[in-house]
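In what follows, a single structure is set out as structure tokens and then discussed.
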Amino acid sequence: MSKYTKEEILELVEQEDVEFIRLQFTDIFGCFKNVAITASQLERALNNRYMFDGSAIEGFVRIEESDMYLYPDLDTFVVYPWRPQQGKVARLICDVYTADRVPFEGEPRYILKKVVQEAKSMGYVFDVGPECEFFLFNTDDYGNPTTITHEQASYFDMAPNDQAENVRRDIILNLEEMGFEIEASHHELAPGQHEIDFRYENALAAADDIMTFKMTVKTIAKRHGFHATFMPKPVAGQGGSGMHVNMSLSDENGVNLFNDPTDPNGLSELAYHFMAGVMKHIKGITAIANPLVNSYKRLVPGYEAPIHIAWSAKNRSPLIRIPSNRGHHARVELRSPDPTANPYLILALCLAAGLDGIKNKLEAPEAVTGNLFSMTAEDLEKAGIGELPLTLGDALEELKKDTFLTGILGEHLTEKYLEAKYAEWSEYCNQITEWELNRYLRYF
């Protein structure tokens with residue numbers, strides 16, 4: 001059931017003295033885009049008559065087919081609580097349509113909606129609970145971001161060691177005012193690193209929430225004089241930022257279908273098939289889950305980020321963990337994604353892979369009980385435990401050859417994404433870094 005009608009939104013805008021409305025959408029790389037309209041133009045936008053130049057958005061369309069429309073999702077209407085009380089600003093997240101008034105097949109939100117609809121046709125609702133980590137750094141005299149933090153707090157530390165406790169508090173209050181249900185927040189392991197967890201939602205709402213969350217964190221951090229970054233590994237020698245994705249399937253009545261109290265791990269057969277599907281396709285998924293050159297500086301031994309394709313109900317070293325809080329909350333936690341991933345695409349691929357496992361009754365491997373980081377290469381090979389791709393280039397090759405995943409993404413998005421990311425990888429490979437100069441210049 002929809003939260004709002006067009007008439008209710010128009011009435012709210014008038015009552016709340018909203019002067020500007022941002023029409024937002026997400027590009028293929030997971031970046032929010034928007035155009036601001038005045039309240040006088042809102043009715044036109046609500047009637048799906050707002051047109052924009054799609055050729056100006058990287059990865060969308062060519063200049064000769066550039067006219068595109070924004071179709072607002074009425075349920076995403078929210079007034080920004082941090083804007084002035086007079087002349088407020090609101091937003092609507094939009095779907096992108098072509099000039100022919102059909103959904104644009106290369107738009108990430110549409111791709112997720114298609115897979116969610118497939119799950120619905122099978123009787124499933126895909127529930128997702130993300131855990132987004134981020135860093136707060138000082139800015140320089142010109143307001144530019146640095147990687148400097150003057151605190152030395154660590155996991156679960158409090159003020160005064162945690163110097164950004166009030167920043168997190170302000171972020172949470174703003175999120176709650178926008179309808180988020182915040183479950184927990186805390187300082188993370190590295191100096192300047194933080195985590196705020198919000199309640200699980202259906203997949204589409206969760207992806208919308210991740211985008212809104214990241215924008216809110218950055219906005220509130222700036223108001224406090226900090227720069228917030230979701231870059232996976234901004235500081236060498238410290239842990240990186242992940243976006244663990246907790247996933248489960250429920251029926252239309254909200255009954256958790258991953259729950260089986262008779263199973264030693266509390267998981268149903270459906271959950272094992274789902275997990276097996278994700279593990280089958282994870283190498284290709286990694287190109288979406290970890291989309292930056294920098295992402296692979298996080299996926300290294302020694303910092304709790306997973307590098308091995310395995311699962312466990314007992315420890316945090318494998319790719320997938322089964323959290324101990326089961327029963328109605330039974331779920332699988334995918335630990336490899338980082339917060340730079342496009343949330344619509346990563347959730348679409350995880351769901352599609354899980355459904356592939358269910359349809360084909362794929363069997364999950366045996367659980368791993370020991371610490372994978374302490375196992376030798378011979379032990380890993382003997383156990384049949386593979387590794388995630390080591391670089392962005394390797395991950396792109398895995399995605400390209402996984403025709404199931406590219407079929408989910410569609411020809412247009414696959415082509416544009418691979419083209420842009422191969423260019424990024426090539427540009428990185430052609431750089432001469434300070435490390436190389438310091439290491440080699442004087443000796444060779």
Side-chain angles (χ1 to χ4, degrees), residues 29 133-155 161 163-164 187-194 221 225-243 283 286-287 289-308 317 335-341 371-381 386-400 417-444:
F29 308 112
E133 297 170 341
F134 59 93
F135 280 84
L136 293 176
F137 290 126
N138 298 339
T139 57
D140 64 18
D141 292 341
Y142 300 97
N144 297 316
T146 71
T147 56
I148 298 170
T149 175
H150 293 308
E151 62 147 64
Q152 293 300 316
S154 188
Y155 198 65
N161 289 336
Q163 297 178 6
H187 196 286
E188 258 295 339
L189 189 62
Q193 189 182 31
H194 305 267
F226 291 98
H227 174 74
T229 180
F230 293 91
M231 183 178 176
K233 186 84 167 185
V235 181
Q238 297 287 352
S241 290
M243 184 179 72
K283 289 186 177 182
T286 300
N290 308 95
L292 306 184
V293 167
N294 181 257
S295 297
Y296 298 84
K297 308 269 174 95
R298 168 180 166 259
L299 299 178
V300 294
Y303 297 97
E304 293 192 0
I307 58 175
H308 299 106
S317 62
R335 298 175 53 80
S336 60
D338 67 56
T340 62
N371 184 353
L372 286 165
F373 296 131
S374 63
M375 293 175 68
T376 66
E378 291 76 17
D379 291 337
L380 293 168
E381 184 177 2
E387 285 189 347
L388 295 176
L390 298 176
T391 67
L392 177 60
D394 293 340
L396 296 173
E397 289 296 307
E398 293 291 345
L399 175 60
K400 187 165 66 172
Y417 189 86
L418 288 176
E419 178 184 342
K421 288 298 174 179
Y422 272 124
E424 184 178 334
W425 173 242
S426 177
E427 182 181 349
Y428 170 74
C429 290
N430 288 324
Q431 299 301 306
I432 308 300
T433 65
E434 282 297 316
W435 183 90
E436 292 169 275
L437 294 174
N438 293 334
R439 178 83 172 185
Y440 305 128
L441 190 60
R442 69 178 63 201
Y443 296 110
F444 296 99

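At least one donor-acceptor pair under 3.5 Å links the side chain of Arg298 to the backbone N or O of Ser336. Judged by distance alone, the side chain of Ser426 and the main-chain N or O of Ala423 form no donor-acceptor pair under 3.5 Å.
Separation of atoms CD (Glu151) and CG (Asn138) is listed at 9.5 Å; rounding is to 0.5 Å. To the nearest 0.5 Å, the span separating OG1 on Thr139 from CZ on Phe226 amounts to 9.0 Å. For the atom pair OH (Tyr303) and CG (Leu189), the distance works out to 10.5 Å, reported to the nearest 0.5 Å. Rounding to the nearest 0.5 Å gives a distance of 10.5 Å between CH2 of Trp425 and CG of Asn430. Here the CG atom belonging to Asp140 is positioned 11.0 Å from the NE2 atom belonging to His227, to the nearest 0.5 angstrom. With rounding to the nearest 0.5 Å, the separation of CZ in Phe135 from OG1 in Thr149 is 9.5 Å.
Smallest separation of non-hydrogen atoms from Leu299 and Pro306: CD2-O, 3.5 Å. Contact record, Ala420 with Phe29: CB-CZ, 3.4 Å, taken as the closest heavy-atom pair. Taking all atoms of both residues into account, the shortest heavy-atom contact from Ala221 to Ala228 is CB-CB, 3.7 Å.
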Without placing hydrogens or testing angles, list every side-chain donor-acceptor pair under 3.5 Å for residues 387-397, not counting sequence neighbours.
unit_1, atom_1, unit_2, atom_2, d
Thr391, OG1, Gly393, N, 3.4
Thr391, OG1, Asp394, N, 3.0
Thr391, OG1, Asp394, OD2, 3.3
Glu397, OE2, Tyr422, OH, 2.4

For residues 229-239, which side-chain N or O atoms pair as donor and acceptor with protein atoms under 3.5 Å away, sequence neighbours left out?
unit_1, atom_1, unit_2, atom_2, d
Thr229, OG1, Met231, N, 3.1
Lys233, NZ, Gln238, O, 2.5

Determine all donor-acceptor pairs shorter than 3.5 Å in which one atom belongs to a side chain in residues 436-444; sequence neighbours excluded.
unit_1, atom_1, unit_2, atom_2, d
Glu436, OE1, Thr433, N, 2.8
Glu436, OE1, Thr433, OG1, 3.0
Asn438, ND2, Glu434, O, 3.2

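The shortest side-chain heavy-atom distance between Pro291 and Asp338 falls under the 4.5 Å cut-off. Between Ile307 and Val300, every side-chain heavy-atom pair lies at or beyond the 4.5 Å cut-off.
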Self-check item: Check against side chain to side chain contact (heavy atoms under 4.5 Å, CB included), Thr340 and Ser295
Solution: CA-CA 8 Å; Thr340 62; Ser295 297; 4.1 Å; yes

Practice problem: Would you please test Thr286 and Glu398 for side chain to side chain contact (heavy atoms under 4.5 Å, CB included) and show each step? | Solution: CA-CA 8 Å; Thr286 300; Glu398 293 291 345; over 6 Å; no

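The side-chain hydrogen bond (donor to acceptor under 3.5 Å, both in side chains) test applied to Asn294 returns no partner, not counting sequence neighbours. Residues that satisfy the side-chain hydrogen bond (donor to acceptor under 3.5 Å, both in side chains) test with Glu133, not counting sequence neighbours, are absent from this structure. For Glu424, the side-chain hydrogen bond (donor to acceptor under 3.5 Å, both in side chains) test picks out Lys421, with sequence neighbours left out.
Residue Glu427 places its CD atom among 12 or fewer non-hydrogen atoms of other residues, nucleotides or ligands, all under 6.0 Å distant.
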